[in-house]
Amino acid sequence: MKISAQEEYGLRCLIRLAQAETATLPEIAAAEGLSVSYVAKLMGVLREAGLIESVRGRFGGYRLAKSADEVGLGAVLLILGEPLYDDANYCDRHAGVSLDGCVHNRAACSLKSLWQTLETWMRRTLDQISLADLVQNQGNLIELLRGRLASAVFAEPTGVISLNVLR
């Protein structure tokens with residue numbers, strides 16, 4: 001999984017807004033070491049998605065449109081980036097030399113189902129983390145996730161997943 005610059009910086013801007021009531025473009029840009037124009041672009045994407053809203057007036061700027069504990073990381077990364085797995089274009093992107101243009105059996109593609117499953121699991125996992133968690137539990141995020149993910153992962157009998165990766 002690769003995190004794009006837009007995903008990284010967009011998330012950092014949202015964390016800034018979660019820490020403050022409101023913030024202006026220059027304030028966010030200065031705090032994150034970004035250009036004002038790049039922050040404006042990120043804010044436009046986040047505003048269009050309904051995650052933030054602009055505030056007019058002397059003390060205006062931007063603020064979160066909903067509570068930080070209602071904003072899941074999986075949804076944020078999907079707004080700022082792309083899905084990990086794109087079902088609609090999978091066979092087209094992995095076309096081979098067979099007559100139907102696909103190097104694998106479309107009906108029984110084990111890799112396609114693997115990527116679909118991982119995409120679903122990753123999004124559910126990332127959505128267990130809210131902006132509030134990132135702000136409040138910066139040093140203790142792994143322990144917080146262990147507790148949340150243990151119940152979510154082991155409640156689903158469809159797969160075996162080890163939480164040892166969170167050490």
Side-chain angles (χ1 to χ4, degrees), residues 1-57 59-90 93 114-153 155-156 159 161-167:
M1 176 177 167
K2 290 184 181 181
I3 303 295
S4 70
Q6 181 164 305
E7 291 167 314
E8 170 76 19
Y9 295 130
L11 181 58
R12 287 169 47 180
C13 291
L14 279 175
I15 290 170
R16 287 275 167 205
L17 291 177
Q19 293 170 328
E21 293 249 345
T22 59
T24 65
L25 292 176
E27 289 169 343
I28 297 168
E32 293 302 327
L34 302 170
S35 71
V36 173
S37 62
Y38 188 57
V39 172
K41 175 190 169 202
L42 294 171
M43 295 292 109
V45 170
L46 296 168
R47 189 182 67 214
E48 192 169 305
L51 291 177
I52 64 169
E53 55 192 17
S54 58
V55 179
R56 294 181 181 255
F59 299 104
Y62 289 91
R63 68 178 173 211
L64 294 177
K66 47 180 120 176
S67 169
D69 60 350
E70 296 178 74
V71 180
L73 186 56
V76 169
L77 293 178
L78 195 54
I79 288 164
L80 292 166
E82 299 177 356
L84 302 172
Y85 167 77
D86 184 7
D87 187 32
N89 298 317
Y90 181 77
R93 286 193 347 253
L114 170 67
W115 303 139
Q116 286 173 323
T117 302
L118 288 174
E119 168 74 20
T120 300
W121 186 79
M122 291 278 300
R123 288 288 161 214
R124 284 183 186 164
T125 301
L126 290 169
D127 276 332
Q128 294 290 317
I129 306 165
S130 70
L131 279 180
D133 294 331
L134 295 177
V135 171
Q136 297 166 0
N137 298 293
Q138 290 176 357
N140 241 357
L141 198 55
I142 290 176
E143 290 304 317
L144 175 76
L145 289 177
R146 274 197 179 124
R148 285 191 189 161
L149 296 179
S151 60
V153 169
E156 295 186 29
I161 299 170
S162 171
L163 290 178
N164 291 331
V165 295
L166 293 176
R167 283 190 189 164

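Atom set for the values below is all heavy atoms of this structure, side chains included, hydrogens, waters and symmetry mates excluded.
Taking 4.5 Å as the limit, every side-chain heavy atom of Leu17 sits out of range of all side-chain heavy atoms of Leu131.
Atoms CD and CG, from Gln128 and Leu126 in turn, are 10.0 Å apart once rounded to the nearest 0.5 Å. Gln19 contributes atom CD, which lies 10.5 Å from atom CD of Gln136 (distance to the nearest 0.5 angstrom). To the nearest 0.5 Å, the span separating CD1 on Ile15 from CG on Leu73 amounts to 8.0 Å. Remark: Cys13 SG to Ile52 CD1 distance equals 8.5 Å, nearest 0.5 Å.
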Let me check something: any side-chain donor-acceptor pairs from residues 60-68 under 3.5 Å, sequence neighbours excluded? List them with distances.
unit_1	atom_1	unit_2	atom_2	d
Arg63	NE	Glu53	OE2	2.7
Arg63	NH2	Glu53	OE2	3.1
Ser67	OG	Asp69	N	3.4
Ser67	OG	Asp69	OD1	2.2

Identify all side-chain donor-acceptor contacts of residues 40-51 below 3.5 Å with residues at least two apart in sequence or on another chain.
unit_1	atom_1	unit_2	atom_2	d
Lys41	NZ	Gln6	OE1	3.3

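The number of heavy-atom neighbours closer than 6.0 Å to CD of Glu82, taken from other residues, nucleotides and ligands shown, is 12 or below.
Smallest separation of non-hydrogen atoms from Val135 and Ala18: CG2-CB, 3.8 Å. When all heavy atoms are compared, the tightest approach of Val76 to Leu11 is CG1-CD1, 4.1 Å. Taking all atoms of both residues into account, the shortest heavy-atom contact from Arg123 to Leu77 is NH1-CB, 3.9 Å.
Under the rule for a salt bridge (charged side-chain N to carboxylate O under 4.0 Å, His left out), the partners of Asp133 that lie at least two apart in sequence or sit in another chain are Arg148. For Thr22, there are no side-chain hydrogen bond (donor to acceptor under 3.5 Å, both in side chains) partners, not counting sequence neighbours. Among residues two or more places apart in sequence or in another chain, the salt bridge (charged side-chain N to carboxylate O under 4.0 Å, His left out) test is passed with Glu8 by Arg12. Applying the side-chain hydrogen bond (donor to acceptor under 3.5 Å, both in side chains) criterion to Thr117, with sequence neighbours excluded, gives no partner residue.
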